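This report concerns only the one structure given below.
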Amino acid sequence: MKKNITCLNNCYGCGVCVKACPTKIISLKETSDGFYAPIIQEQDKCIDCGLCLRICAFNHDAVAQDNTSTDSYAAWSNTPTVREHCSSGGIGFEIGRWAIDNGYKSVGVRYNPQKNRAEHYIASTVEDYMPSVGSKYIPSYTADAFDKINLKEKYLVTGTPCQIDSFRRLIRQHRKEDNFILLDFFCHGVPSLLLWDKYSAELKEKIGNISYASWRNKSTGWHDSWAINADSTDGSNPSEWSDFYDLMTDERKHTYNSRMSAGDLFYRFFFGHYCLNMCCHKSCKYKMESSAADIRIGDLWGNKYKLDDAGVNVALAFTARGKQVLANIQKSCTLVPEPLAVSTEGQMSRCAPMPTIREKVISQLRSNKTLNEINSGLIFRYNLRFLPARIINKIKRTL
Ligand SMILES: Cc1cc2nc3c(=O)[nH]c(=O)nc-3n(C[C@H](O)[C@H](O)[C@H](O)COP(=O)(O)OP(=O)(O)OC[C@H]3O[C@@H](n4cnc5c(N)ncnc54)[C@H](O)[C@@H]3O)c2cc1C
Ligand code: SF4
Ligand code: SF4
């Protein structure tokens, strides 16, 4: 058997191998568990060059990291509409905007309502980059966008840390790192697309075909911003970047608005870790400062900014290039130097623990059961066993 990417199991599904393969025989497909994985239909066309395995982050123990020292900030956009509509402080969008204004194309993730999927795409204008605003808490399909990237041109590429680690290896392999700025974020994990399919199918029964979906919304404050918002009306095209947010959010009817704090089931499954990708439990080597990116961003949830309800980013620059980019966005953003203990407070330092019912949950997500039935049956019974320990802990705390 040829030694290629199909030798690996439960990989990150980052899709960079699709671009790397000189014979173009790799494609990225959805697995029956609802994640992406590379497949090769014509194994006989593989020339055994080993490139896919060389650039695959899952196939290496170490992270393709360059950082010698880390600059650490609390940060936010100075433009109120940007800060209002981005997931945390809007620094992700501001870096993309700066990159486009300075001759780069920006590669981000948008929600595609026709496919009901999150996908990477290439933006050449700030208007094009707007749909990247906001975290989409499902795996993103990267292959088409990555394949279109011309390594001889300049790009900002954003993505999960595992996607960015493979991408770093690819551009290093081609000696094209100088053309790229790489940005990742602190990453909790990605839930199965089966969860999103079931959730959005139930949603469709309530509001009709979904034309807009967002996973974060600050209408009741940043600290309560985990909310699925969806709409079935057509969005108009924004004429200017600053109009975009209103057209994409406020002026839409938001026929549906379901918050985690009010028991939203998508978030119950996501944050309960009931159906995360296996690699997020077993093979994530990207916690805290472990990154192949130039810059890492995230939500700054720590004590120091706990009263700020507009949204604050943590922004870490690892490389000279990353440090330069953060220096360059100072005109449009506030960056407050903070020790790592402050900026990374509350971030996960290890992989998400895997509940023993993960396989059963995934199997029930494939069945006809509703999310409510899975939650009030399998998940409820699973959590019952922790009840005595929880009660004892509560009594101990009270005493
Ligand atoms: C799956 C996932 C898990 C996360 N886990 C954590 C965490 O544990 N701790 C933490 O502090 N922050 C986490 N984040 C990041 C956080 O939600 C915000 O995206 C981050 O703080 C940037 O917000 P912003 O306001 O700067 O920018 P925004 O402009 O809102 O930035 C969003 C950025 O994320 C990218 N993006 C959105 N969805 C995806 C996706 N599915 N795959 C790849 N890239 C995507 C967009 O291209 C854009 O660059 C996670 C994000 C995702 C998508
Ligand atoms: S070994 Fe080379 S030819 Fe074979 S799948 Fe990997 S990249 Fe393609
Ligand atoms: S938790 Fe780790 S393995 Fe999972 S998507 Fe995020 S970076 Fe990749």
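Numbers here simply count residues along the sequence, with the first being 1. Order of appearance sets the numbers: ligands from 1, and atoms from 1 within every ligand. Values below: every heavy atom of this structure, side chains too, minus hydrogens, waters and symmetry copies. Because the structure is a prediction, the values reported are computed rather than measured.
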Handout entry: Residue, atom name and distance, where the atom is the protein heavy atom closest to atom 23 (O) of ligand 1
Key = Ser88 OG, 3.1 Å
Practice task
Answer yes or no: is there an ion pair linking Asp128 with Lys105, defined by an N-O contact shorter than 4.0 Å?
Solution key: no
Exercise for the section: Report yes or no: does a heavy atom of Cys187 sit under 4.0 Å from some atom of ligand 1? Expected result: yes
Handout entry: ligand 1 versus Val190: contacting region, heavy-atom distance under 4.0 Å
Key = side chain
Problem - Proximal atoms of ligand 3 relative to Tyr12 (non-hydrogen, under 4.0 Å) - result: 3 (S)
Handout entry: Protein contact to atom 9 (N) of ligand 1 [nearest heavy atom, distance to 0.1 Å]
Key = Gln347 OE1, 3.0 Å
Problem - Residues Gln163 and Ser140: side-chain donor-acceptor under 3.5 angstrom - result: no
Completion exercise
for atom 36 (N) of ligand 1, nearest protein heavy atom and its distance come out as Val109 CB, 3.8 Å
Completion exercise
Thr160 heavy atoms within 4.0 Å reach ligand 1 at atoms 42 (N), 43 (C)
Handout entry: Side-chain H-bond candidate by donor/acceptor type, Asp165 with Tyr286, under 3.5 Å
Key = yes
Practice task
Nearest heavy atom to atom 38 (N) of ligand 1 wins, so pick from Arg296, His85, Lys136, Arg117.
Solution key: Lys136
Completion exercise
Among Tyr121, Tyr137, Tyr129, Trp222, the residue with a heavy atom nearest to atom 2 (C) of ligand 1 is Tyr137
Handout entry: Stepwise side chain to side chain contact (heavy atoms under 4.5 Å, CB included) test for Val126 and Asp101
Key = CA-CA 8 Å; Val126 179; Asp101 288 344; 3.8 Å; yes
Handout entry: Modelled atom types, side-chain donor and acceptor of Trp196 and Asn116, under 3.5 Å
Key = yes
Handout entry: Per-residue contact class, Leu300 against ligand 1 - non-hydrogen pairs under 4.0 Å
Key = neither
Practice task
Considering heavy atoms of the protein only, find what lies nearest to atom 8 (Fe) of ligand 2 and give residue, atom and distance to 0.1 Å.
Solution key: Cys21 SG, 2.4 Å
Exercise for the section: Heavy-atom contacts with Ile91 under 4.0 Å: which atoms of ligand 1 show up? List them by number with element. Expected result: 26 (O)
Practice task
Give yes or no for whether the N/O distance cutoff of 3.5 Å, strictly under, is met between Phe186 and ligand 1.
Solution key: yes
Handout entry: For atom 5 (S) of ligand 2, the option (of Asp48, Ile40, Val18, Ile47) bearing the nearest heavy atom
Key = Ile40
Handout entry: SB check Glu177 Arg321 (cutoff 4.0 Å)
Key = no
Completion exercise
If you compare Ala352, Gly92, Ser132 by their heavy atoms, the one closest to atom 32 (C) of ligand 1 turns out to be Ser132
Exercise for the section: Would you mind telling me which of His85, Glu94, Arg97 makes a side chain to side chain donor-acceptor pair (under 3.5 Å) with Ser77? Expected result: Glu94
Fill in the blank from the handout: Out of Gly159, Ser135, Ser140, Gly189, the nearest non-hydrogen contact to atom 1 (C) of ligand 1 is supplied by Gly189
Practice task
Establish, from distance only, whether the side-chain atoms of Tyr274 and Gln364 form a donor-acceptor pair under 3.5 Å.
Solution key: no
Practice task
Provide the number and element of each atom of ligand 3 under 4.0 Å from a heavy atom of Cys280.
Solution key: 1 (S), 4 (Fe), 5 (S)
Practice task
Please state whether Arg83 comes within less than 4.0 angstrom of ligand 1, counting heavy atoms only.
Solution key: no
Practice task
Would you mind reporting whether Leu340 and Leu316 have side-chain heavy atoms less than 4.5 Å apart?
Solution key: yes
Exercise for the section: Of the side chain and backbone of Phe185, name the one, both, or neither that has a heavy atom under 4.0 Å from an atom of ligand 1. Expected result: side chain
Exercise for the section: Return the orientation label for the Trp98 and Tyr104 ring planes: parallel under 30°, perpendicular over 60°, tilted otherwise. Expected result: tilted
Handout entry: Thr334-Asn78 side chain donor-acceptor pair, cut-off 3.5 Å
Key = yes
Problem - Residues Asp294, Lys323: salt bridge by 4.0 Å N-O rule - result: no
Exercise for the section: Please verify whether a non-hydrogen atom of Ile5 lies at under 4.0 Å from ligand 2. Expected result: no
Exercise for the section: Could you tell me the residue and atom name of the protein heavy atom closest to atom 6 (Fe) of ligand 2, and the distance to it rounded to 0.1 Å? Expected result: Cys52 SG, 2.2 Å
Handout entry: Exercise: do Asp33 and Ser192 side chains pair donor with acceptor under 3.5 Å
Key = no
Practice task
Pull out every atom of ligand 1 sitting under 4.0 Å from any heavy atom of His188, numbered as shown with elements.
Solution key: 3 (C), 4 (C), 5 (N), 6 (C), 7 (C), 8 (O)
Problem - Asp308 bridged to Arg83 by N-O distance under 4.0 Å - result: yes
Problem - Residue and atom name of the nearest protein heavy atom (relative to atom 31 (O) of ligand 1), distance in Å to one decimal - result: Gly134 N, 4.2 Å
Exercise for the section: Identify the protein heavy atom lying closest to atom 29 (O) of ligand 1, giving its residue, its atom name and the separation to 0.1 Å. Expected result: Phe93 N, 3.4 Å
Problem - atom 22 (C) of ligand 1: the protein heavy-atom neighbour that sits closest, reported with distance to 0.1 Å - result: Ile297 CD1, 3.5 Å
Completion exercise
Heavy-atom proximity to atom 4 (Fe) of ligand 2, picking from Cys7, Cys49, Cys46, points to Cys46
Handout entry: Those atoms of ligand 1 less than 4.0 Å from some heavy atom in Arg216
Key = 17 (O)
Practice task
Using only heavy-atom distances, determine whether the side chains of Arg216 and Ser225 contain a donor-acceptor pair under 3.5 Å.
Solution key: yes
Completion exercise
Under 4.0 Å from one or more heavy atoms of Cys187, ligand 3 contributes atoms 1 (S), 5 (S), 6 (Fe), 7 (S)
Exercise for the section: May I ask you to test the Ile329-Leu335 pair for a side-chain heavy-atom distance under 4.5 Å? Expected result: yes
Problem - For Ile138, atoms of ligand 1 separated by under 4.0 Å from a heavy atom - result: 41 (N)
Practice task
In plain terms, say whether Asp144 and Lys148 are close enough for a salt bridge, that is, a side-chain N and a carboxylate O under 4.0 Å apart.
Solution key: no
Exercise for the section: Would you please say whether a donor-acceptor pair under 3.5 Å links the side chains of Thr370 and Asn372? Expected result: no
Fill in the blank from the handout: heavy-atom search around atom 1 (S) of ligand 2 in the protein gives Gly50 N, 3.3 Å
Practice task
Provide the closest heavy-atom pair for Phe186 versus Met288 in the form atom of the first, atom of the second, distance.
Solution key: CE2-O, 3.4 Å
Problem - Backbone or side-chain N or O of Gly90 under 3.5 Å from ligand 1 N or O - result: yes
Fill in the blank from the handout: One finds that the ligand 3 atoms under 4.0 Å from a non-hydrogen atom of Gly189 are 1 (S)
Practice task
State the atoms of ligand 1, each with its element, that fall below the 4.0 Å cut-off from a heavy-atom position in Gly108.
Solution key: 47 (O)
Practice task
Please confirm if an N, O or S atom belonging to Cys162, backbone or side chain, lies less than 2.8 Å from atom 8 (Fe) of ligand 3.
Solution key: yes
Exercise for the section: Considering only non-hydrogen protein atoms, determine which one is nearest to atom 49 (O) of ligand 1 and report residue, atom name and distance to 0.1 Å. Expected result: Thr158 OG1, 3.6 Å
Problem - N/O separation below 3.5 Å, His120 to ligand 1 - result: no
Practice task
May I ask you to check whether Cys284 brings an N, O or S atom to under 2.8 Å from atom 2 (Fe) of ligand 3?
Solution key: yes
Handout entry: Distance under 6.0 Å and angle within 45° of ring axis: Arg110 vs Tyr121
Key = yes
Completion exercise
Interatomic distance, CZ@Arg259 vs OG1@Thr220, rounded to 0.5 Å, equals 3.0 Å
Practice task
Would you mind running through ligand 1 and noting each atom that sits below 4.0 Å from a heavy atom of Gln163?
Solution key: 43 (C)
Problem - Contact check, Pro22 vs ligand 2, heavy-atom distance below 4.0 Å - result: yes
